[in-house]
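Residue numbers begin at 1 in each chain, while the letters A, B, ... track the order of the sequences.
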Protein chains: 2
Amino acid sequence: MSGRSEQIAATICEAILAHRLVPGAKLGERELAEIFEVSRIVVRQALIRLSEDGLVTVERNRGAFVAKPSLAEAVEVFETLTIVEQGVIAQLGNRPRTSLLTELRGNVERQKAALANGNEQLAGEFGLEFHDLLVALTRNRVAIELHAQLKRRARLLEALYRCDFDHCQLCDEHERLVALIDRKQWTRAQQLMDEHYRLVARGYRIDDEALLMQPLHLALGKPMKTPIAAVRKKGNGKHAQRITGGEA
Amino acid sequence: MSGRSEQIAATICEAILAHRLVPGAKLGERELAEIFEVSRIVVRQALIRLSEDGLVTVERNRGAFVAKPSLAEAVEVFETLTIVEQGVIAQLGNRPRTSLLTELRGNVERQKAALANGNEQLAGEFGLEFHDLLVALTRNRVAIELHAQLKRRARLLEALYRCDFDHCQLCDEHERLVALIDRKQWTRAQQLMDEHYRLVARGYRIDDEALLMQPLHLALGKPMKTPIAAVRKKGNGKHAQRITGGEA
DNA sequence: TGATCTGAAAGTGGATACCAATCTATCAGC
DNA sequence: GCTGATAGATTGGTATCCACTTTCAGATCA
């Protein structure tokens, strides 16, 4: 927990990933400075960090906003996740540690159990974890961090496009993936991964539903000291918007 | 050309990639502020950007330094490049645009011509460009930017470890790679890519050779306007320094 | 002599105040 | 109702100040 700006960036990042801060939300320097009780400069440094990570866009002289990726960019993020994980599969051929597959199998079993209990929420989290475990098999911290960054951007998309997944099919594909890797059928595993992410992407629906914005104070879990600030958000509540359908 | 800190970050980045700033070099805020004629805060913002990119490490209360990756991390960077490009190859199966291979073929021809002329320097640059072109085939800007970032980190390694490449063999492998992609032999293409990067990695030699440090003024190509500044750097004029050979 | 302790200097991290440029929004006038 | 001017708000940046940490050199002591 070195720099204050790092902490603040982490807090904002967490709020974005938890969808307490929705895409397009204004991240005013002054307001954030009051919330975190720091100077504007520290806030700006935090926003710079977040913008380098792709979670925030900074428009000169206009301010920072939670990133609102276009549908085209959303597709590219998923495609890049596919690329990385297909590459990971290709690498597994070099590593004769078949024992590591037990981790993947354990994850699949946990997800199946969660589904059997009707716990979609938990199943969804296990589903995400599967892909982390897969990349973790490389024991390559650079690749793991790269993958984590892509996943953050994917999490952002969940807030922008309503998503409903067929967890049963996703879990089933995870199981088949493990089996293919176990049998060293790399090409088919890669093909399945591609189909898998296409299924995930199909779970996202373009949606007119309003993205309800909470005031920053609530989103960031800080007690609002100056009640005036809550009223400041003059713009409007309904940033609803239809993404002009890309090539998807 | 928006933010000043962006420009400064770009300038420092360029100097690092050109090896005018060697790994481990101290990037003092005050000194950089004088060189670029801005306040320290703008410099700090630039350093934050660079640290998020992995080219600079910031140690709390000690300052910023050009990143000096360990050999382990160097291996991970190359492995991650392999992963991404293997994934790209897997993706090419989805895209029936065989015409795009002409770009790759053109690059290989240019590199062969450069080699025939004995221009190793130029051949090396074409060799790097080949991998950019390969990733560009995906037409995926997210993937392209990811790849570019990895390549920046790889360029940093060139400065840290002496490297001498067998450009002939590298070029030959590029040619074989194109042929395999053309014949849609994805698995073998991926295997070749893996071997290819292992060959590249073998070109790097761990080396105790001193990394000669230039003063920042020269490295950043700025005329020193205030002759006082030249003296201010009281330490000494010879920032030369022998890097204590790491854990390699 | 050599090891350790101490204190000053330097550098980073951050706060505050201030200014210039720009964007925004309201309001007057046509 | 629309356009244009003006005033306010916000950002980008500077300068100055202070607190904290690291570092290094000199003093002290075994």
Side-chain angles (χ1 to χ4, degrees), chain A residues 1-12 24-52 56-67 213 215-216 225-226 228-237 239, chain B residues 1-12 24-52 56-67 213 215-216 225-226 228-236 238-239 241 244:
Chain A
M1 49 191 68
S2 55
R4 194 84 182 80
S5 70
E6 264 177 291
Q7 291 174 239
I8 292 174
T11 302
I12 297 176
K26 177 77 186 289
L27 298 170
E29 289 183 5
R30 187 178 302 281
E31 202 173 353
L32 290 171
E34 284 173 12
I35 291 172
F36 290 105
E37 296 177 296
V38 293
S39 69
R40 279 174 49 212
I41 288 174
V42 180
V43 170
R44 188 140 71 205
Q45 288 166 355
L47 293 174
I48 287 174
R49 287 180 200 280
L50 291 167
S51 75
E52 292 289 314
V56 159
T57 58
V58 177
E59 299 176 30
R60 179 160 176 86
N61 281 321
R62 290 204 55 246
F65 305 83
V66 178
M213 286 201 193
L216 289 184
K225 293 208 169 174
T226 62
I228 310 122
V231 187
R232 274 208 74 279
K233 193 174 52 59
K234 61 170 122 246
N236 49 22
H239 254 214
Chain B
M1 299 300 147
S2 52
R4 194 85 182 80
S5 71
E6 264 177 290
Q7 292 175 238
I8 292 174
T11 303
I12 297 176
K26 176 77 187 289
L27 298 170
E29 288 185 5
R30 190 177 304 279
E31 201 173 352
L32 290 171
E34 283 173 11
I35 292 172
F36 290 105
E37 295 176 297
V38 294
S39 66
R40 279 173 49 209
I41 287 175
V42 179
V43 170
R44 197 178 316 175
Q45 288 165 355
L47 293 174
I48 287 174
R49 286 180 201 280
L50 291 167
S51 74
E52 292 290 313
V56 160
T57 59
V58 177
E59 298 176 31
R60 179 159 177 86
N61 282 321
R62 290 203 57 245
F65 305 83
V66 178
M213 287 200 192
L216 289 184
K225 289 201 171 177
T226 61
I228 309 121
V231 186
R232 265 207 83 278
K233 200 170 46 57
K234 62 160 129 279
N236 46 22
K238 53 174 200 318
H239 256 216
Q241 184 172 324
T244 63

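Taking side-chain N and O atoms only, R62(B) has no distance below 4.0 Å to OP1 or OP2 of dG11(C). Contact check, R40(B) against dG13(D): no side-chain N or O comes under 4.0 Å of OP1 or OP2.
Atom CD1 in I41(A) sits roughly 12 Å away from atom P in dA17(C) (whole-Å rounding). Whole-Å rounding puts the E31(B) CD to dG11(C) P distance at 9 Å. Atom CD of Q45(A) is separated from atom P of dT12(C) by 13 Å (rounded to the nearest Å). Straight-line distance from the CG atom of L47(A) to the C1' atom of dG12(D): 13 Å, rounded to whole Å. When the P atom of dG13(D) is taken as reference, atom CD of E37(B) falls 15 Å away, rounded to whole Å. Straight-line distance from the CD atom of E59(B) to the P atom of dG13(C): 10 Å, rounded to whole Å. Atom pair Q7(A):CD and dG14(C):C1' shows a separation of 13 Å (rounding to whole Å applied). Here the P atom of nucleotide dA15(D) and the CZ atom of R4(B) are 13 Å apart, to the nearest Å.
Closest approach of V56(B) and A64(B) over heavy atoms only: CG1-CB, 3.9 Å. Taking each heavy atom of A46(A) and S5(A) in turn, the nearest pair found is CB-O, 3.4 Å. In plain terms, the two heavy atoms of L27(A) and F65(A) that are nearest each other are CD1-C, 4.2 Å.
Proximity note for R30(A) (side chain, C-beta onward) versus dT10(D), dG11(C), dG13(C): the nearest is dT10(D). Closest contact between the side chain of E29(A) and the listed nucleotides dT11(D), dG14(C), dT14(D) involves dT11(D). In this structure, the nucleotide among dT21(D), dC23(C), dG13(D) sitting nearest to the side chain of N61(B) is dT21(D). When each of dG13(C), dA15(C), dT11(D) is scored by its nearest atom to the side-chain atoms of V42(A), the top-ranked nucleotide is dA15(C).
Here R49(A) contributes atom CZ and E52(B) contributes atom CD; the two are 5.5 Å apart, rounded to the nearest 0.5 Å.
Between L50(A) and V58(A), every side-chain heavy-atom pair lies at or beyond the 4.5 Å cut-off.
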